[in-house]
2 protein chains.
Amino acid sequence: MEERHVGPLTFRLDLSQPLYEQILRQMSSAVARGEIALGEKIPSVRELAQALKINPNTVMHAYKEMEHVGLTETRRGQGTFITTSQERVNQFRTELAKKVIEEFLEKMGSLGYTWSDIEQYVSQYKGGCVR
Amino acid sequence: MEERHVGPLTFRLDLSQPLYEQILRQMSSAVARGEIALGEKIPSVRELAQALKINPNTVMHAYKEMEHVGLTETRRGQGTFITTSQERVNQFRTELAKKVIEEFLEKMGSLGYTWSDIEQYVSQYKGGCVR
DNA sequence: TAAGTGTATCATATCACATAATACACTACA
DNA sequence: TGTAGTGTATTATGTGATATGATACACTTA
């Protein structure tokens, strides 16, 4: 629930979802919002772990995922950097969003909600946690 | 991925989400769709477990949840019945949907998506798993 | 050489989820 | 009254994802 700042980055972690997933999403968001530029260095594993008060291995987990999907590039001994490819960033974020949306629609569907139900329903939440 | 039929009810379980949650949602859906009427008896714990090829305790978990939120009423020695209160059914389904929607919006928000992004994005999925 | 990187590998702990087996209590009905 | 079918409770076990803790190694830069 609490905000943690690391350089230009801001994180807000809770226990409702895996920490490494939250790091993953919020790091992607930081890139999308332009809070960190392409090619930029992100905090080291140990630094972020200390700042977020979580275990380095957990950060490592997130970082490995980020590299695996092409959001970051790692240089041993130097650090971890946001990829220089805007295309990869977009693709990665899109993939994440796709999963989120599909899970959402599947759940609503299994609740018996029709398409127009969902459209109406969702619009009620305008002005909530989304900008 | 496979459909299982139990009387008038149909279930489709997979391993991506907790079984008891899927039962919960799909039972609610069945009521909403009118596949089972208010006050109607639903399959016994053992019967549903056998039909879905899962453990009775897992079905029990789902049934306890359903009773806890007021979707069902249980009569020891007789069985479990859908509540006779249409209001409770609606309320229950709405609560479930609310959680699903809030989780969805929170995730999209943490991905840096704006409101109009989401509206556009979601509309691309029209004709998918939702009716 | 030293400090700061990523990386690897142990072990351990917790929690949610599911299974398994068994027993008990209540109800309906032949 | 007995018996079958209900929900319920208990205890144990297993599994996988997640997170932690500690330590060591390899690489890069200054």
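Chain letters run A, B, ... following the sequence lines, proteins first, then strands; residues in each count from 1.
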Enquirer: Given atom CG of B:L24 and atom P of C:dC17, what is their separation to the nearest angstrom?
Expert: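 Rounded to whole Å, this separation is 12 Å.
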
Enquirer: Could you state the atom-to-atom distance from CE of A:M60 to C1' of D:dC25 in whole Å?
Expert: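 About 13 Å, once rounded to whole Å.
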
Enquirer: With no hydrogens and no angle check, do the side chains of A:T114 and A:D117 hold a donor and an acceptor under 3.5 Å apart?
Expert: yes

Enquirer: Is the shortest heavy-atom distance from the side chain of B:V31 to the side chain of B:T83 under 4.5 Å?
Expert: no

Enquirer: Taking the six-membered ring of B:Y113, is the NZ or CZ of A:R93 close enough (under 6.0 Å from the centre) and on axis enough (within 45°)?
Expert: yes

Enquirer: Rounded to whole angstrom units, what separation is found between the CG atom of B:L15 and the C1' atom of D:dT15?
Expert: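 It is 13 Å, rounded to the nearest whole Å.
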
Enquirer: Atom CD of B:E65 and atom C1' of C:dA16: how far apart are they, to the nearest Å?
Expert: 13 Å

Enquirer: For A:Y20 and D:dT18, is the shortest distance between a side-chain N/O and OP1 or OP2 below 4.0 Å?
Expert: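 Indeed, a polar side-chain atom of A:Y20 lies that close.
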
Enquirer: Please confirm whether the shortest side-chain N or O distance from A:T58 to OP1 or OP2 of D:dT20 is below 4.0 Å.
Expert: yes

Enquirer: Atom NZ of A:K53 to atom C1' of D:dA19: distance rounded to whole Å?
Expert: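 So the NZ-C1' distance, A:K53 to D:dA19, works out to 17 Å.
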
Enquirer: Round to the nearest Å and state the distance from A:H61 atom NE2 to D:dT20 atom P.
Expert: 12 Å

Enquirer: What are the two closest non-hydrogen atoms of B:L9 and B:M27, and how far apart are they?
Expert: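 It is CD1-SD, 3.8 Å.
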
Enquirer: Can you tell me the distance, in whole Å, between the OH atom of A:Y63 and the P atom of C:dT5?
Expert: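 After rounding, the reported distance stands at 10 Å.
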
Enquirer: Would you tabulate the nitrogen or oxygen pairs shorter than 3.5 Å linking the protein to nucleotides 3-6 of chain D?
Expert:
| residue | atom | partner | partner atom | Å |
| --- | --- | --- | --- | --- |
| D:dG5 | N2 | B:G77 | O | 3.2 |

Enquirer: Taking the side chain from B:Q17 and the backbone from B:Q22, do they hold a donor-acceptor pair closer than 3.5 Å?
Expert: no

Enquirer: How many Å lie between NZ on B:K64 and P on D:dG7, as a whole number?
Expert: 13 Å

Enquirer: From the list D:dA19, C:dT19, D:dG7, which nucleotide is the closest neighbour of the side chain of B:N55?
Expert: C:dT19

Enquirer: Is a side-chain donor-acceptor pair under 3.5 Å present for A:E67 with A:T74?
Expert: yes

Enquirer: Minimum heavy-atom separation for A:Y63 to A:P43, with atom names?
Expert: OH-O, 2.7 Å

Enquirer: Looking at B:E103 and B:K107, is any side-chain nitrogen of the basic one under 4.0 Å from a carboxylate oxygen of the acidic one?
Expert: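 Looking at B:E103 together with B:K107, the answer is yes, because their closest N to O distance falls below 4.0 Å.
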
Enquirer: Five pairs per end, C1' atoms only: what is the angle between the end axes of the helix from C:dT1-D:dA30 to C:dA30-D:dT1, to 10 degrees?
Expert: 10°

Enquirer: Is atom NZ of A:K99 surrounded by more than 12 heavy atoms (other residues, nucleotides or ligands) closer than 6.0 Å?
Expert: no

